[in-house]
Number of protein chains: 2
Amino acid sequence: MTHQTVSHPGLPDDPYANVTAPTPSCPVEITLAALQGRWTTLVIREFLRGSRTFTDLRHALPMLSDKVLSDRLAHLTEAGVLERHRQPGRPPRVHYALTPRGHRLGPVLQALWDWGSPASG
Amino acid sequence: MTHQTVSHPGLPDDPYANVTAPTPSCPVEITLAALQGRWTTLVIREFLRGSRTFTDLRHALPMLSDKVLSDRLAHLTEAGVLERHRQPGRPPRVHYALTPRGHRLGPVLQALWDWGSPASG
DNA sequence: CTGAATCCCTGCCGATACTG
DNA sequence: CAGTATCGGCAGGGATTCAG
């Protein structure tokens with residue numbers, strides 16, 4: 001088998017595809033870094049379902065501690081998945097929302113779901 | 001917004017979608033577990049390119065230590081991504097190949113690549 | 001050639017307590 | 001309500017050495 005174009009366009013031909021070590025600039029690493037950490041995908045799922053505030057998420061994921069939830073929200077905001085908005089007034093409310101980029105994680109999670117699904121062998 | 005079917009079929013309606021804690025039986029967790037660990041996606045990429053033996057991978061990924069490479073091959077074999085075949089004769093050669101399930105990781109890596117690619121901003 | 005065994009170091013995650 | 005501060009346990013991963 002010589003070098004041929006396979007059915008996965010981006011992978012073999014993109015310049016980043018030639019890295020020989022894990023580097024943060026590799027697109028695959030960037031995505032995995034965004035999804036990295038326990039609870040992260042479940043938090044994203046709650047946003048896809050419509051959760052908006054810290055308390056929403058606490059009720060949806062009761063086993064998740066405040067500290068880790070806070071870490072995840074900060075991490076996902078840093079990764080460009082979420083936007084953070086402080087609502088003025090009392091009591092203080094903070095509103096989180098998926099960015100357009102965050103919404104595009106839907107197909108990614110779907111691909112992960114499909115491969116891991118028992119029906120998919 | 002009431003409960004409606006969104007454009008990501010598997011996620012909201014599957015029974016596993018209702019987990020409220022990270023569980024190994026969740027399809028998303030299964031896939032992330034298979035891809036977990038430094039160097040893992042690069043090893044898979046080398047198999048998609050045609051690498052077959054321990055030495056092939058050592059040459060393709062010179063910064064990867066023997067121990068970690070061995071760990072990754074065992075882990076991917078355990079996850080059903082690779083098949084391990086001992087070649088009879090001397091010197092001992094071991095042949096690895098992607099399983100059909102392993103080949104199906106192509107679209108998954110593609111989805112990860114696409115989201116993380118700068119062009120997809 | 002293809003790993004397995006061991007050691008050490010680092011970073012994640014959970015629990016608890018505290019703050020504007 | 002929405003976090004931050006701190007501490008400790010544990011597992012991941014790198015280097016080195018040994019084995020079939």
Side-chain angles (χ1 to χ4, degrees), chain A residues 19-24 26 28-29 32-44 46-47 51-79 81-97, chain B residues 19-24 26 28-29 32-44 46-47 51-79 81-97:
Chain A
V19 296
T20 61
T23 164
C26 170
V28 173
E29 298 289 330
L32 288 177
L35 299 178
Q36 196 178 39
R38 210 153 115 93
W39 295 97
T40 302
T41 56
L42 289 176
V43 169
I44 294 170
E46 291 310 318
F47 277 103
S51 289
R52 291 286 179 267
T53 68
F54 202 93
T55 308
D56 286 343
L57 293 159
R58 285 220 290 207
H59 288 129
L61 304 171
M63 316 279 294
L64 174 55
S65 75
D66 288 1
K67 181 224 178 189
V68 175
L69 175 54
S70 180
D71 287 350
R72 292 297 170 269
L73 293 172
H75 176 239
L76 289 170
T77 302
E78 182 68 18
V81 174
L82 297 178
E83 274 176 351
R84 188 174 186 274
H85 303 284
R86 300 163 185 267
Q87 308 271 81
R90 305 276 336 213
R93 294 228 166 227
V94 180
H95 180 268
Y96 291 91
Chain B
V19 297
T20 61
T23 165
C26 170
V28 173
E29 298 289 330
L32 288 177
L35 300 178
Q36 197 178 37
R38 211 153 113 93
W39 295 97
T40 302
T41 56
L42 289 176
V43 169
I44 294 170
E46 292 309 317
F47 277 103
S51 289
R52 290 288 178 267
T53 68
F54 202 94
T55 308
D56 286 343
L57 293 159
R58 282 221 290 208
H59 288 128
L61 303 170
M63 314 280 293
L64 174 55
S65 75
D66 288 1
K67 180 229 180 186
V68 175
L69 175 53
S70 179
D71 287 350
R72 292 298 169 270
L73 293 171
H75 176 238
L76 290 170
T77 303
E78 181 69 18
V81 173
L82 296 178
E83 275 176 350
R84 189 173 186 274
H85 303 283
R86 299 164 185 268
Q87 308 271 82
R90 307 271 341 215
R93 294 228 166 229
V94 180
H95 181 266
Y96 291 90

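The chains referred to below are lettered A, B, ... by the order of the sequence lines, with proteins before strands, and numbering in each begins at 1. Note that the coordinates shown come from a computational prediction; the quantities given were computed from them, not determined experimentally.
When distances run from any side-chain atom of A:Thr55 to the nucleotides C:dT2, D:dA5, D:dC1, the shortest one goes to D:dC1. When distances run from any side-chain atom of A:Arg93 to the nucleotides D:dA15, D:dA2, D:dG13, the shortest one goes to D:dA2. Closest to the side chain of A:Asp66, out of D:dG20, D:dG3, C:dA15, is D:dG3. Out of D:dG13, C:dA15, C:dG3, the shortest distance to the side chain of B:Lys67 is found at D:dG13. When each of C:dC1, D:dA2, D:dG14 is scored by its nearest atom to the side-chain atoms of B:Pro92, the top-ranked nucleotide is C:dC1.
Side-chain contact between A:Glu29 and A:Pro24 is absent, with no heavy atoms from C-beta onward closer than 4.5 Å. Counting only heavy atoms from C-beta outward, the side chains of B:Arg93 and B:Phe54 never approach each other to under 4.5 Å.
Taking atom NE2 of residue B:His75 and atom P of nucleotide D:dA11, one finds them 15 Å apart after rounding to whole Å. Rounded to whole Å, atom P of C:dA15 lies 14 Å from atom CG of A:Leu69. One interatomic measurement links the two molecules: CZ of A:Arg38 to C1' of D:dG12, which rounds to 15 Å at whole-angstrom precision. In this entry the distance linking CG of B:Asp71 with P of C:dG3 reads 11 Å, nearest Å. Separating the NE2 atom of A:His85 from the P atom of D:dA2 is a distance of 15 Å, rounded to the nearest angstrom. One can place CZ of B:Arg72 at 9 Å from P of D:dG12, the figure rounded to the nearest angstrom. When rounded to the nearest whole Å, the span between CD of A:Gln87 and C1' of D:dG3 equals 16 Å. For A:His95 and D:dC1, the NE2 to P distance is 17 Å, given to the nearest whole Å.
No contact: A:Arg86 has no heavy atom under 4.0 Å from any strand. Among the heavy atoms of the strands lying under 4.0 Å from B:Ser70 are primed sugar atoms or P, OP1, OP2 only; no base atom is included.
Taking only side-chain nitrogens and oxygens, A:Trp39 never comes nearer than 4.0 Å to OP1 or OP2 of C:dC12. For B:Arg84, no side-chain nitrogen or oxygen approaches OP1 or OP2 of C:dT2 to under 4.0 Å. Close to C:dG3, at under 4.0 Å from its OP1 or OP2, lies a side-chain N or O of B:Tyr96.
Residues meeting the salt bridge (Lys or Arg N to Asp or Glu O under 4.0 Å) test with A:Glu46, sequence neighbours left out: A:Arg49. Under the rule for a salt bridge (Lys or Arg N to Asp or Glu O under 4.0 Å), the partners of A:Arg58 that lie at least two apart in sequence or sit in another chain are A:Asp66.
When each of A:Leu64 and B:Arg58 is assigned the nucleotide of DNA chain C bearing its nearest heavy atom, the one mapping closer to the 5' terminus is B:Arg58.
The main-chain N or O of A:Phe47 is never found under 3.5 Å from a side-chain atom of A:Ser51 such that the two would form a donor-acceptor pair.
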